[in-house]
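First comes the structure, then the notes that go with it.
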Amino acid sequence: MKWSRALLPTLKDAPADAEIVSHKLMIRGGYIKKTASGIYSIMPIGLRVLQKIAAIIRDEMNKAGAEELLMPILSPAELWTETGRWSLYGKEMMRVNDRADRKFALGPTHEEVITDIVRSEVRSYRDLPKNLYQIQIKFRDEIRPRFGLIRAREFMMKDAYSFDRDEKGAEAVYAAMFKAYENIFTRCGLKFRAVEAESGNIGGSFSHEFMVLASTGEETIIHCEKCGCAANRERSGGKSGFTGNASEAEKPLEKVSTPKMKSIDEVAAFLKKKPSELVKTLICFVDGEPVAVLLKGDDDLNEHKLKRQMDATEVFMADAKSVEKLTSAPVGFAGPAGLKNIKIVADESLKLMKNFVTGANEADTHLQNVNHGRDFKVDAFFDLRFACEGDSCVSCGHTLNSQKGIEVGHTFKLGTKYTEKMKADFLDETGKRQTLIMGCYGIGVSRMMAAAVEQCNDAAGIIWPLEIAPYHAVITAINYQDEAIKVAADKLYGALSAAGIEVLLDDREMSAGFKFKDAELIGIPIRITVGARGLKEDSFEIAVRKTKETIMIKTGEAVAKIKELAAHAG
RNA sequence: CGGGGCGUAGCUCAGGUGGCUAGAGCACUUGCUUUGGGAGCAAGGGGUCGCACGUUCAAGUCGUGUCGCCCCGACCA
């Protein structure tokens, strides 16, 4: 492609509304253009990247025995009603009515649709297993779209759905998908980590997330270098090194005035204590019931753990009004002692604590030397805190590290969650009706493009891994108006194209510096400079974007060298 | 949905206590010069100042409403 003919608008300044590096660089590099909030047009070179990622995904999915299909973007309300998700999904699912006023959803995911297809076509164990996938636009009306393609409302997704006759089969396909995912991210040239995860809205029994590692990622991964286990911060159950003071004698309860001290840090500083000597009391609603949750002052509540431990479907923090009503004190002064009509659950660390500080359920007042058993009764102890760096690994005891990542893939073992409700079953060898066992496997294709940029960039711009770069090479023709340069550049362009190298020829009437900056901004892995200086020596200059390494090469050897570089860069 | 902010040229942004013809840089067009790190000179084109209503002799500027966009939070691939 000749640059002068491409729609490839680069920008010196990033638009004011771009916040993170991938968003800025993709807009500046002409990869994407915002059409509405959270809705982007993919510009030509952006599409090239997306298609390369998609091609790798297709290849690995096909190799793993999956079969591609394409489902409609609109799905009828009736299917969603069958699983209950028409009402459960909430506003994130965009709903539309057709001319006859029939209700449809803009597909945020396709479990219902695929299950409907499979239940009507699969009747016998002989038809199993099945693993079907599509690469398609999804729409989720996000509460707050942000970060460009990282959290867009409309996005490209690969979603696969497997159907098996038994657990053994389901686990085998899950393992195959896991392996395929590892291959996909590796082939795309990305550093990533697979972690244990919460299954969230989709549901199911277990699940993994695939994180592209990037310091700017929103997700926190807790992992163990020694045994290799890794989990999303929400899921991770590290053991804290907290030893407590359980052997201390119980001291008499004491009321202290703490005017306007609401936060743990304020109270701790005021009482000259460490935050870990305080206990925070959080009022939550667990399936509508108020619950007081106690944690060591420097720990944070992991609501997912609370939800799981209490076998609840919905957990949220109480609003200020409810807190005041339940504790008869303003927010910031809640404590377990004296609480009535409310269940009290505590993190396990409290077992090790004596003579701690809590709120007094009274404005501007805290209690010192509080002890459970004596001053209040804990209904249950659970692991409720967020694991953090420095905790020790539950499986091997080694110290845990944390990393930031961007979630680009998610695999779920769904079991019969959908197939049961939708009566998707088959007859086994004995003629008995059995429910299909399902799994689902997603990759955010467009998010992956953004995550790659987030992982691979420098001050000058994007640094694409070769496998997903829009072009392998760019020929920067300095002064293309000069006949000798034009001839040399055109010849090289033709030779590279013939050799299967995807190459962009910068034939614009721009100054050299401008073209260099543009080439670096859009992130093409290999740049070949064709200019008078090199031609005098019958040479071109080759520059590798990633290493900034430059070499002079005789014009006749350029194609071979570039082919070699392209092969190695991967 | 709660809190905050912003809408002026393709992009970044001035102007804002009302005042006559709305500005700058970058980008764009033409010409000349230039050509190995975001070139120089000259001449140009481009705006219903988000939209509506109101106040006023007069609104980019003040008021009300509305729409859009962004940030923080709750929520999430």
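Below, chains carry the letters A, B, ... as their sequence lines are ordered, and counting in each starts from 1. All values below were derived from every heavy atom in this structure, side-chain atoms included, with hydrogens, water molecules and symmetry-related copies excluded.
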(request) Starting at atom NZ of A:Lys307, determine the distance to atom P of B:rA74, rounded to an integer number of angstrom. (result) 15 Å
(message) Take a 6.0 Å sphere around CD of A:Gln481 and say whether it holds more than 12 heavy atoms from other residues, nucleotides or ligands.
(response) yes
(request) Map A:Ile150 and A:Lys33 onto RNA chain B by nearest heavy atom, then report which one ends up closer to the 5' terminus. (result) A:Lys33
(request) Identify whether a stacking contact exists between A:Phe516 and B:rG36, where the ring centres must be under 5.5 Å apart and the planes under 30° apart. (result) no
(message) Can you confirm whether or not the ring centre of A:Trp3 sits under 6.0 Å from the ring centre of A:Tyr480?
(response) no
(request) Could you work out the separation of B:rC62 and B:rU21 based on their C1' atoms and round it to a whole Å? (result) 23 Å
(message) If I take atom CD1 in residue A:Ile475 and atom P in nucleotide B:rG36, what distance separates them, rounded to the nearest angstrom?
(response) 18 Å
(request) Answer yes if the side chains of A:Ser402 and A:Thr220 hold a donor-acceptor pair under 3.5 Å, and no otherwise. (result) no
Polar-atom pairs under 3.5 Å, protein N or O versus N or O of nucleotides 65-73 of chain B: list them with distances, or write none.
{"unit_1": "B:rC69", "atom_1": "OP1", "unit_2": "A:Ser37", "atom_2": "N", "d": "3.0"}
{"unit_1": "B:rC69", "atom_1": "O3'", "unit_2": "A:Lys34", "atom_2": "NZ", "d": "3.1"}
{"unit_1": "B:rC70", "atom_1": "OP1", "unit_2": "A:Lys34", "atom_2": "NZ", "d": "3.4"}
{"unit_1": "B:rC70", "atom_1": "OP2", "unit_2": "A:Ser37", "atom_2": "OG", "d": "2.8"}
{"unit_1": "B:rC71", "atom_1": "OP2", "unit_2": "A:Arg144", "atom_2": "NH1", "d": "3.3"}
{"unit_1": "B:rC72", "atom_1": "OP2", "unit_2": "A:Arg144", "atom_2": "NH1", "d": "2.9"}
{"unit_1": "B:rC72", "atom_1": "OP2", "unit_2": "A:Arg144", "atom_2": "NH2", "d": "2.4"}

(message) Give me the distance, rounded to whole Å, that separates B:rU48 from B:rG36 when you measure between the C1' atoms they each carry.
(response) 47 Å
(request) Measure up the A:Phe412 and A:His410 rings against each other and bin them: parallel (under 30°), tilted (30 to 60°), perpendicular (over 60°). (result) parallel
(message) Would you say the rings of A:Phe210 and A:Phe178 are close, in the sense that their centroids are separated by under 6.0 Å?
(response) yes
(message) Under 4.0 Å, heavy atoms only, any strand: does A:Glu541 hit a base, just the sugar-phosphate, or nothing?
(response) base
Distance-only donor-acceptor pairs under 3.5 Å for side chains of residues 469-477 of chain A, two or more places apart:
{"unit_1": "A:His472", "atom_1": "ND1", "unit_2": "A:Glu502", "atom_2": "N", "d": "3.0"}

(request) Take atom C1' in B:rG18 and the same atom in B:rC49, then report the distance between them in whole Å. (result) 15 Å
(message) Counting the atoms with a prime plus P, OP1 and OP2 as sugar-phosphate, which does A:Glu142 contact under 4.0 Å by heavy atoms, base, sugar-phosphate, or nothing?
(response) base
(request) List the steps and the verdict of side chain to side chain contact (heavy atoms under 4.5 Å, CB included) for A:Met156 and A:Met449. (result) CA-CA 10 Å; A:Met156 183 80 72; A:Met449 169 157 89; over 6 Å; no
(request) Starting at atom CZ of A:Arg140, determine the distance to atom P of B:rC76, rounded to an integer number of angstrom. (result) 12 Å
(request) Could you check how far CE of A:Met552 sits from P of B:rG36, rounded to whole Å? (result) 13 Å
(request) Decide yes or no for A:Arg545 and A:Ile524: does some side-chain heavy atom of the first lie under 4.5 Å from some side-chain heavy atom of the second? (result) no
(request) Sequence neighbours left out, what passes salt bridge (charged side-chain N to carboxylate O under 4.0 Å, His left out) with A:Lys158? Give chain and number order. (result) none
(message) To the closest 0.5 Å, what do you measure between CD1 (A:Ile221) and CD1 (A:Ile406)?
(response) 10.0 Å
(message) Any base atoms under 4.0 Å from A:Asp482, or only sugar-phosphate, or nothing? Heavy atoms, all strands.
(response) nothing
(request) Check the distance between B:rA39's P and A:Gln481's CD and give it to me in whole angstrom. (result) 15 Å
(message) Below 30° counts as parallel, above 60° as perpendicular, anything between as tilted: where do the rings of A:Tyr174 and A:His208 land?
(response) tilted
(message) Using the side-chain heavy atoms of A:Glu303, tell me which of these nucleotides is nearest: B:rC75, B:rG38, B:rU12.
(response) B:rC75
(message) Mind checking if A:Gly534 touches a base, just sugar-phosphate, or nothing, with heavy atoms under 4.0 Å?
(response) base
(request) Could you say whether A:Ala14 or A:Arg508 is positioned toward the 5' end of RNA chain B, judged by the nucleotide with the nearest heavy atom to each? (result) A:Ala14
(message) Between B:rU55 and B:rC72, how many Å separate the two P atoms, rounded to a whole number?
(response) 41 Å
(message) What's the gap between B:rG10 and B:rU66 when it is taken at their P atoms, as a whole Å value?
(response) 28 Å
(request) Rounded to whole angstrom, note down the C1' distance from B:rA14 over to B:rA22. (result) 11 Å
(request) Calculate the interatomic distance between A:Leu11 atom CG and B:rG25 atom C1'; express it in whole Å. (result) 14 Å
(request) For A:Gly531, answer base if it contacts any base atom (sugar-phosphate contacts may also be present), sugar-phosphate if it contacts only those atoms, and nothing otherwise; contact means non-hydrogen atoms under 4.0 Å. (result) base
(request) Could you tell me whether A:Glu520 and A:Arg527 make a salt bridge, using a distance below 4.0 angstrom between a side-chain N and a carboxylate O? (result) yes
(message) For A:Thr216, give me all partners under side chain to side chain donor-acceptor pair (under 3.5 Å), at least two apart in sequence or on another chain.
(response) A:Glu454
(message) What is the distance, to the nearest angstrom, from the CG atom on A:Leu88 to the C1' atom on B:rC75?
(response) 15 Å
(message) For A:Tyr89 and A:Arg95, which I'm curious about, is there any donor-acceptor pair between the side chains at under 3.5 Å?
(response) no
(message) My validator wants the stems of RNA chain B: runs of 3 or more consecutive Watson-Crick or G-U pairs, both distances under 3.5 Å, written as range with range.
(response) B:1-7 with B:67-73, B:10-13 with B:23-26, B:28-33 with B:39-44, B:50-54 with B:62-66
(request) Take atom P in B:rU61 and the same atom in B:rG25, then report the distance between them in whole Å. (result) 25 Å
(message) Each nucleotide in nucleotides 26-34 of chain B should get exactly one letter: B, S or -. Can you fill that in based on protein heavy atoms under 4.0 Å?
(response) S--------
(request) Could you give the distance separating B:rG16 and B:rG63 at their C1' atoms, to the nearest angstrom? (result) 15 Å
(message) From NZ of A:Lys24 over to P of B:rC11, roughly how many Å is that when rounded to an integer?
(response) 17 Å
